[in-house]
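Step one of this worksheet: look at the structure below.
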Amino acid sequence: MNLADVEQVVYPDDCDAFGHLNQASFLRVFERARWDVLARGPGMDVFVRNGAWPAVRKTVIDYHAPAFPGDILRVHQALIHHGRTSFTMRQTARRASDGALVATAEFVFVCIDREGRPVPVPHEVGEYFQARPSAEPADRLSVNGVSLSVEHRGSGPAILFIHAFPLDRTIWQHQIDTLTGYRRIAPDLRGMGQSDAPDLGYSMSTYAEDLLALVDALGQDQVVLCGLSLGGYVAFEFVRRWRERVRGLILMDTRAEADSAEGRRAREALIGRVREQGAIAAAEAMLPRFFTPQVSPEIIERIRTMILRTSVSGIVGALSAMRERPDSTPLLETLTGIPTLVLVGAEDMITPPAIAQGMAGAIPGARLMEIPGAGHLPCVEQPVPTTRAILKFLQSLQ
Ligand code: MLT
């Protein structure tokens with residue numbers, strides 16, 4: 001058993017008239033497991049000592065199999081999101097005798113003081129679970145029924161960066177830091193990064209509607225859209241509906257086609273694994289295909305941490321939205337008049353250069369650029385040439 005595992009016995013008084021562990025009793029099982037694991041590390045009084053009480057803001061439980069009196073449940077806990085004042089624990093209960101998955105749960109906590117004001121999460125909690133705080137908190141904007149986390153810096157013509165799956169706005173850090181002279185806007189899509197992750201309601205339309213509301217809230221009439229992979233699918237939806245708001249388009253390591261039948265089956269399979277195992281299943285699926293063999297271990301670690309912080313509802317929502325996305329191929333030839341740059345990592349395994357070449361060929365007047373030494377995430381693996389390519393494109397629009 002590892003440090004983050006604790007065992008809980010199912011007692012008859014936890015069970016319903018049918019002899020199953022009652023659904024409400026799972027809350028107690030999970031809560032006891034959390035306290036037991038804290039008792040082994042920073043101590044059960046870690047919150048009292050720090051004057052920070054963890055108030056539950058959200059609970060999601062999936063019940064997979066029944067448990068009966070006398071069963072021993074092995075409960076594993078992981079800190080999957082560690083913000084400044086909030087954190088999310090993912091817990092998995094398995095029957096110790098045969099390893100059967102009984103339930104999985106996510107709990108979102110906000111630390112508050114005695115007056116109910118948010119206060120920082122005690123650092124011992126993050127240290128014990130070896131989780132680093134998330135990226136610096138950005139602004140939050142409530143749009144379209146969710147609160148989105150968004151970084152926006154600078155002034156000048158605006159560029160809206162839309163990140164890939166299942167990542168967050170911080171993949172654009174180099175571009176945000178260096179593209180001075182432009183208003184850089186980088187949100188976390190709903191369900192990812194520090195944005196709200198509702199259980200339902202994910203589609204390309206919803207992501208695009210969120211972004212339109214965001215652009216409106218920031219008082220921006222027109223933007224250059226820069227979408228990477230999933231971000232490109234969202235950009236297609238945006239430009240299909242509000243082309244008058246689009247000053248230019250950067251399509252990075254993305255594709256216009258919808259998922260093939262085989263692709264849809266693969267999405268289904270990954271949804272199942274993520275529901276059962278959590279974000280780790282998405283990390284295992286994506287990480288081996290994101291980079292060139294030369295990428296640094298630090299970059300892999302940074303992206304792994306980013307994926308592991310993503311909630312199950314956000315990952316499952318994005319996978320369903322991608323599975324259902326429309327074919328945007330017919331849109332390509334209609335993009336006349338929207339300056340477009342198609343950019344691709346020369347060693348991208350997920351959306352290889354041939355796809356980018358086909359897209360650039362189909363968009364009237366589009367420019368094509370390959371970034372040497374980059375895989376699927378050029379903005380992370382080769383940030384300097386990627387930013388340079390974006391800058392050159394932005395300058396050409398003046
Ligand atoms: C992404 O990077 O956003 C994904 O590879 C997109 C996809 O899976 O289609």
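Position 1 is the first residue of the sequence; numbering continues from there. When a ligand or atom number is given, it counts from 1 through the structure's own listing order. Scope of the values below: all heavy atoms of this structure, side chains included, with no hydrogens, waters or symmetry mates.
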Exercise. Would you say Leu230 has any N or O atom under 3.5 Å from an N or O of ligand 1, going by distance alone?
Worked result: yes
Exercise. Is a donor on one side and an acceptor on the other found under 3.5 Å between the side chain of Thr254 and the backbone of Ser229?
Worked result: yes
Exercise. Using 30° and 60° as the class limits, which term best fits the ring planes of Phe87 and Phe109: parallel, tilted or perpendicular?
Worked result: parallel
Problem set entry | Donor-acceptor pair, side chain of Asn50 and main chain of Ala52, under 3.5 angstrom | no
Exercise. Between Asp168 (side chain) and Gln194 (backbone), is there a donor-acceptor pair under 3.5 Å?
Worked result: no
Problem set entry | Numbered atoms of ligand 1 (with element) below 4.0 Å of Ser229, judged on heavy atoms | 1 (C), 2 (O), 3 (O), 4 (C), 5 (O), 6 (C)
Exercise. Between Arg267 and ligand 1, which residue portion shows a heavy-atom distance shorter than 4.0 Å: side chain, backbone, both, or neither?
Worked result: side chain
Exercise. Hey, is Met322 touching ligand 1 through its side chain, its backbone, both or neither, going by heavy atoms under 4.0 Å?
Worked result: side chain
For this session: Using a 4.0 Å heavy-atom threshold (strictly under), name the region of Ile350 that reaches ligand 1: side chain, backbone, both or neither.
Result: side chain
Seminar exercise, completed: among protein heavy atoms, the one nearest atom 2 (O) of ligand 1 is His376 NE2, 2.8 Å
Exercise. Parallel, tilted or perpendicular: which fits the ring planes of Phe290 and His376, with parallel below 30° and perpendicular above 60°?
Worked result: parallel
Exercise. Which of these passes side chain to side chain contact (heavy atoms under 4.5 Å, CB included) with Pro122: Cys111, Pro54, Pro42?
Worked result: Cys111
Exercise. Leu230 versus Met192: any side-chain heavy-atom pair under 4.5 Å?
Worked result: yes
Problem set entry | Heavy-atom gap Met286 to ligand 1 smaller than 4.0 Å | yes
For this session: Mark up the atoms of ligand 1 that fall under 4.0 Å of a heavy atom belonging to Ala164, in ascending order.
Result: 1 (C), 2 (O), 3 (O)
For this session: From the options Phe165, Phe290, Tyr233, select the one whose nearest heavy atom is closest to atom 7 (C) of ligand 1.
Result: Tyr233
